[in-house]
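A short write-up of the structure that comes next.
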Protein chains: 2
Amino acid sequence: MKQYHIPVEATLDVIGGKWKVVILCHLKKGTKRTSELKRLMPNITQKMLTQQLRELEDDGIIQRKVYNQVPPKVEYSLTDYGSSLNTILDDLCTWGECHLEKNNSTSMLITIED
Amino acid sequence: MKQYHIPVEATLDVIGGKWKVVILCHLKKGTKRTSELKRLMPNITQKMLTQQLRELEDDGIIQRKVYNQVPPKVEYSLTDYGSSLNTILDDLCTWGECHLEKNNSTSMLITIED
DNA sequence: CGGTATCCTTCCTGATACTG
DNA sequence: CAGTATCAGGAAGGATACCG
């Protein structure tokens, strides 16, 4: 069993992956299909997207719903437990916005509209 | 210039390093010497500790104070700007505590007393 | 459309030695 | 004490091709 030295390490184990916070920020706004997530994160590879989604699912943060149809359709959404991260996710987003403003670098931001 | 797709990526660029949140959680409780940080994080290597501290310093999150004496003494502390992360750090810690409790895994936690 | 498998690069670790 | 340097090995992440 894994051993931590301070509790925050447990949080990082769950949301510390390179793309997990970004994925959760998108899912916080609502259910998304795999292809939607991919489009919202142009720089993520298919492999990493699947991998990070699986780990979040295994930790009970997100829910995976498969529609048995052709072509396939898979939807991801936050679980109730995952929603307990909403405050943190909001604060992380807000801090990022302020950080960008502070550096007069709003031009650094490209927002892909939903 | 770096391009982001959503603001939270800017936050992750600053505190997304493998050990940065843990370091910041320790510094939030007060100024620490290098050796203290090393003791609080037994699993971090000297190299990574120095590296993560440098990056945090470059981003204006922490302050490095060198005392010109023998043996050398170096102290690290949060800057005012770094303190703007305090709420986030607290929430991350709290969530980790709840997560550990939920999994009935308080035994997973080893706290090294200051 | 969603996911796997393979290969490759980069980052991180561990150990050790060395400097001011 | 704090930091740098080196090098080997492992883990995490990325690029590409392929499958149902």
Side-chain angles (χ1 to χ4, degrees), chain A residues 2-5 8-24 26-27 30-59 61-77 112 114, chain B residues 2-5 8-9 12-24 26-27 30-59 62-77 114:
Chain A
K2 185 129 186 189
Q3 304 276 319
Y4 299 112
H5 292 86
V8 75
E9 291 181 280
T11 309
L12 295 175
D13 254 16
V14 176
I15 63 168
K18 180 162 187 180
W19 297 93
K20 289 183 183 175
V21 168
V22 177
I23 291 173
L24 294 176
H26 287 305
L27 291 185
T31 300
K32 294 275 185 297
R33 295 185 59 167
T34 311
S35 54
E36 288 179 298
L37 288 172
K38 184 77 190 66
R39 187 171 48 80
L40 291 166
M41 298 177 283
N43 295 327
I44 197 173
T45 60
Q46 177 81 37
K47 175 191 164 186
M48 283 308 295
L49 179 57
T50 303
Q51 183 180 309
Q52 303 274 292
L53 287 169
R54 287 290 178 285
E55 293 178 8
L56 288 170
E57 190 187 0
D58 291 343
D59 284 324
I61 306 297
I62 67 174
Q63 203 165 11
R64 182 171 184 264
K65 181 169 183 183
V66 182
Y67 295 83
N68 279 322
Q69 61 181 52
V70 179
K73 178 177 174 181
V74 179
E75 284 183 343
Y76 293 94
S77 57
I112 307 270
D114 288 14
Chain B
K2 185 129 186 187
Q3 306 275 319
Y4 300 113
H5 292 85
V8 75
E9 291 181 280
L12 296 175
D13 253 16
V14 175
I15 63 168
K18 179 161 188 180
W19 295 94
K20 290 182 183 175
V21 168
V22 177
I23 291 174
L24 293 176
H26 287 306
L27 291 184
T31 300
K32 294 274 185 296
R33 295 186 59 169
T34 310
S35 55
E36 289 179 296
L37 288 172
K38 184 78 192 67
R39 187 171 48 82
L40 291 166
M41 297 177 284
N43 295 328
I44 196 173
T45 59
Q46 176 84 31
K47 178 186 165 189
M48 281 310 292
L49 179 57
T50 303
Q51 182 180 311
Q52 303 275 293
L53 288 169
R54 288 290 178 286
E55 294 179 7
L56 288 170
E57 189 187 1
D58 291 343
D59 284 323
I62 67 173
Q63 203 165 12
R64 181 171 184 264
K65 182 170 183 183
V66 182
Y67 295 83
N68 279 321
Q69 63 183 47
V70 179
K73 177 178 174 180
V74 179
E75 283 182 345
Y76 293 93
S77 58
D114 288 13

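Lettering of chains follows the sequences in order, A, B, ..., and the numbering in each one begins at 1.
- Take A:V66 and apply the side-chain contact (heavy atoms from CB on, under 4.5 Å) test, not counting sequence neighbours, and it matches A:R64, A:N68, A:V74.
- Looking at residues two or more places apart in sequence or on another chain, you find a side-chain contact (heavy atoms from CB on, under 4.5 Å) between A:Q63 and A:S77, A:T79.
- Of the residues in residues 49-58 of chain A, those with a non-hydrogen atom less than 4.0 angstrom from any atom of DNA chain C are A:T50, A:R54.
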For residues 44-52 of chain B, dump all side-chain donor-acceptor pairs below 3.5 Å to protein atoms at least two apart in sequence or in another chain.
unit_1, atom_1, unit_2, atom_2, d
B:T45, OG1, B:M48, N, 3.2
B:T50, OG1, B:Q46, O, 3.0
B:Q52, OE1, B:W19, N, 3.2
B:Q52, OE1, B:K20, N, 3.4

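- Contact annotation for B:Y76: backbone-only contact, meaning every heavy-atom pair under 4.0 Å involves sugar-phosphate atoms and none involves a base.
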**Message:** Does the protein touch nucleotides 13-20 of chain C at the base, only the backbone, or not at all? Give it as B, S and - per nucleotide, heavy atoms under 4.0 Å.
**Reply:** BS-----B
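- Taking atom CD of residue B:Q46 and atom P of nucleotide C:dC12, one finds them 16 Å apart after rounding to whole Å.
- Atom pair A:M41:CE and C:dG2:C1' shows a separation of 14 Å (rounding to whole Å applied).
- A distance of 16.0 Å separates NZ in A:K38 from NZ in A:K32, rounded to the nearest 0.5 Å.
- Between its two ends, the helix from C:dC1-D:dG20 to C:dG20-D:dC1 turns its axis by 40°, counting five pairs per end and rounding to 10 degrees.
- Protein chain A contacts DNA chain D over a range whose 5' and 3' limits, counting nucleotides with an atom under 4.0 angstrom from a non-hydrogen atom, are D:dG13 to D:dG20.
- Of all non-hydrogen atoms in B:N43 and A:H5, the two that sit nearest each other are ND2-CE1, 3.4 Å.
- Considering only residues two or more places apart in sequence or on other chains, A:E57 meets the salt bridge (charged side-chain N to carboxylate O under 4.0 Å, His left out) condition with none of them.
- Contacts of A:K65 classified as salt bridge (charged side-chain N to carboxylate O under 4.0 Å, His left out), with partners at least two apart in sequence or in another chain: none.
- Proximity of A:R33 to the phosphate of C:dG2: a side-chain N or O atom is located under 4.0 Å from OP1 or OP2.
- Taking B:K73 as the reference, B:E75 meet the salt bridge (charged side-chain N to carboxylate O under 4.0 Å, His left out) condition, with sequence neighbours excluded.
- For B:S35, the side-chain contact (heavy atoms from CB on, under 4.5 Å) criterion is met by B:R33, not counting sequence neighbours.
- Residues passing the side-chain contact (heavy atoms from CB on, under 4.5 Å) test with A:L12, sequence neighbours excluded: B:V21, B:V22.
- Nearest approach of B:D59 to B:V14, heavy atoms of both residues: OD2-CA, 4.0 Å.
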**Request:** Apply side-chain contact (heavy atoms from CB on, under 4.5 Å) to A:T34 and A:Y76, showing your working.
**Result:** CA-CA 7 Å; A:T34 311; A:Y76 293 94; 3.4 Å; yes
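- Contact between B:H26 and B:L37 at its shortest, heavy atoms only, is CB-CD2, 4.1 Å.
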